[in-house]
Amino acid sequence: MHSRDDSLFVEETYRAACRGRDAGGIPIGAVLVRDGAVIGTGCNQRIQKSDPILHGEMDCIRNAGRQRTYRDTTLYTSLSPCLMCAGTIVQFKIPRVVIGENITFSGNEAFLASHGVEVAVLNDQRFVDVMQAFITAHPTDWNEDIGE
């Protein structure tokens, strides 16, 4: 479910995705929130840092720094998480994930849900548009990112 509070963090997630795009990378952003406050943001930086595992969710969690627990957080991500990122969400017991869209990439919502994670998929057209534009302009980079 999408609440009014979610809207603020969805907007920040979109800005993170655009920052990644504007820096020459894949437009995938993520925001980690606890008690209504952002504790980490990130974007996919595989291209910028030549790091194969620096997806948006991974960058966000890394930028949040060491946390005693993640069980009281929500992760907002612009795109449905890949298996690596979904595994990290499950590993750290992040209880809720809000996904901007799963049209351009259908990730692992069922995997997350099977591990007790509450999943909300918004399919916000802004997220679809920015990803479709990237995929059209940079198909080789996109295929590399998703392991094709």
Side-chain angles (χ1 to χ4, degrees), residues 1-23 25-49 51-136 138 141-142 145-147:
M1 60 193 64
H2 183 50
S3 73
R4 219 168 57 125
D5 289 342
D6 283 341
S7 297
L8 300 171
F9 304 119
V10 168
E11 193 62 39
E12 180 59 32
T13 302
Y14 182 73
R15 285 194 298 270
C18 290
R19 279 193 302 274
R21 177 202 59 204
D22 295 346
I26 301 168
I28 302 170
V31 175
L32 189 64
V33 173
R34 171 183 290 125
D35 295 328
V38 173
I39 61 171
T41 63
C43 61
N44 185 304
Q45 296 194 53
R46 293 185 75 248
I47 294 170
Q48 300 93 309
K49 294 192 176 179
D51 183 337
I53 64 170
L54 201 48
H55 286 195
E57 298 90 342
M58 304 298 264
D59 188 45
C60 174
I61 291 168
R62 177 179 282 156
N63 290 335
R66 186 174 169 194
Q67 302 290 315
R68 273 186 81 66
T69 185
Y70 295 85
R71 293 174 191 226
D72 58 349
T73 63
T74 296
L75 180 71
Y76 296 82
T77 181
S78 61
L79 186 65
S80 184
C82 71
L83 189 55
M84 175 181 67
C85 294
T88 300
I89 291 163
V90 169
Q91 174 70 30
F92 289 117
K93 298 178 176 48
I94 296 171
R96 181 170 182 257
V97 176
V98 177
I99 299 168
E101 67 105 346
N102 69 352
I103 294 169
T104 59
F105 179 77
S106 181
N108 295 280
E109 293 94 351
F111 172 81
L112 291 168
S114 75
H115 285 85
V117 177
E118 177 189 340
V119 177
V121 180
L122 307 179
N123 283 328
D124 182 317
Q125 192 62 44
R126 296 174 303 164
F127 293 106
V128 175
D129 291 345
V130 74
M131 280 306 303
Q132 285 178 335
F134 179 83
I135 292 166
T136 299
H138 307 282
D141 289 334
W142 174 241
D145 191 64
I146 61 172

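For Arg62, the salt bridge (charged side-chain N to carboxylate O under 4.0 Å, His left out) test picks out no residue, with sequence neighbours left out. Arg21 is linked by a side-chain contact (heavy atoms from CB on, under 4.5 Å) to Cys18, Pro27, Val130, counting only residues two or more places apart in sequence or in another chain. Under the side-chain contact (heavy atoms from CB on, under 4.5 Å) criterion, Asp129 pairs with Gln125, Gln132, sequence neighbours left out. Remark: Arg71 pairs with no residue by the side-chain hydrogen bond (donor to acceptor under 3.5 Å, both in side chains) rule, at least two apart or across chains. Not a single salt bridge (charged side-chain N to carboxylate O under 4.0 Å, His left out) links Glu109 to another residue, sequence neighbours left out. Under the side-chain contact (heavy atoms from CB on, under 4.5 Å) criterion, Arg15 pairs with Glu11, Glu12, Arg19, not counting sequence neighbours. With sequence neighbours excluded, the residues forming a side-chain contact (heavy atoms from CB on, under 4.5 Å) with Ile135 are Thr104, Met131, Trp142, listed by chain and number. With sequence neighbours left out, Asp51 forms a salt bridge (charged side-chain N to carboxylate O under 4.0 Å, His left out) with no residue at all.
Taking the six-membered ring where tryptophan is involved, the planes of Phe9 and Tyr76 are tilted, since the angle between them lies from 30° to 60°.
The side-chain heavy atoms of Met58 and Thr88, taken from C-beta on, include a pair separated by under 4.5 Å. The closest side-chain heavy-atom distance from Val121 to Glu101 is not below 4.5 Å. Ile61 places a side-chain heavy atom less than 4.5 Å from the side chain of Ile94. With a 4.5 Å cut-off on side-chain heavy atoms, Pro52 and Arg46 count as touching. Side-chain contact between Glu118 and Pro95: absent, with no pair of heavy atoms (C-beta onward) separated by less than 4.5 Å. No side-chain heavy atom of Asn108 sits under 4.5 Å from any side-chain heavy atom of Pro81. Contact annotation: the side chain of Phe134 approaches that of Asp141 to within less than 4.5 Å [non-hydrogen atoms, C-beta and beyond].
Ion pairing of Lys49 with Asp59 is absent here, as no side-chain N (NZ or NE/NH1/NH2) approaches a carboxylate O to less than 4.0 Å.
Between the side chain of Asp124 and the backbone N or O of Gly100 there is no donor-acceptor pair closer than 3.5 Å. A distance-only check finds no donor-acceptor pair linking the side chain of Thr74 to the backbone of Val33 [under 3.5 Å]. The closest donor-acceptor contact from the side chain of Asn123 to the backbone of Asn102 lies under 3.5 Å. Of the possible donor and acceptor atoms, none in the side chain of Arg34 sits under 3.5 Å from a partner among the backbone N and O of Thr73. Using a distance-only test at 3.5 Å, with no hydrogens or angles considered, a donor-acceptor pair links the side chain of Ser114 to the main chain of Phe111.
Ile39 contributes atom CD1, which lies 4.0 Å from atom CD of Gln67 (distance to the nearest 0.5 angstrom). The CG atom of Asn44 sits 8.5 Å away from atom CD of Glu57, with the distance rounded to the nearest 0.5 Å. Between Thr77 atom OG1 and Ile89 atom CD1 the span is 7.0 Å, to the nearest 0.5 Å. Taken to the nearest 0.5 Å, the OG1 atom of Thr41 stands 10.0 Å off from the CG atom of Leu32.
The minimum heavy-atom distance between Ser80 and Ser106, with the atom names listed, is OG-C, 4.1 Å. In terms of heavy-atom proximity, Gly25 sits nearest to Gln48 at CA-OE1, 3.4 Å. The nearest pair of heavy atoms linking Val97 to Ile99 is CG1-CG1, 3.8 Å. The minimum heavy-atom distance linking Ala16 with Ala30 is given by the pair CB-N, 4.1 Å. Of all non-hydrogen atoms in Cys60 and Gly40, the two that sit nearest each other are SG-O, 3.4 Å.
Here salt bridge (charged side-chain N to carboxylate O under 4.0 Å, His left out) pairs that include residues 78-89, with residues two or more places apart or in two chains, number zero. Listed by first then second residue, pairs satisfying salt bridge (charged side-chain N to carboxylate O under 4.0 Å, His left out) with a partner in residues 77-87 number zero, not counting sequence neighbours.
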Could you walk me through whether Asp6 and Arg96 pass the side chain to side chain contact (heavy atoms under 4.5 Å, CB included) check?
CA-CA 11 Å; Asp6 283 341; Arg96 181 170 182 257; 2.7 Å; yes
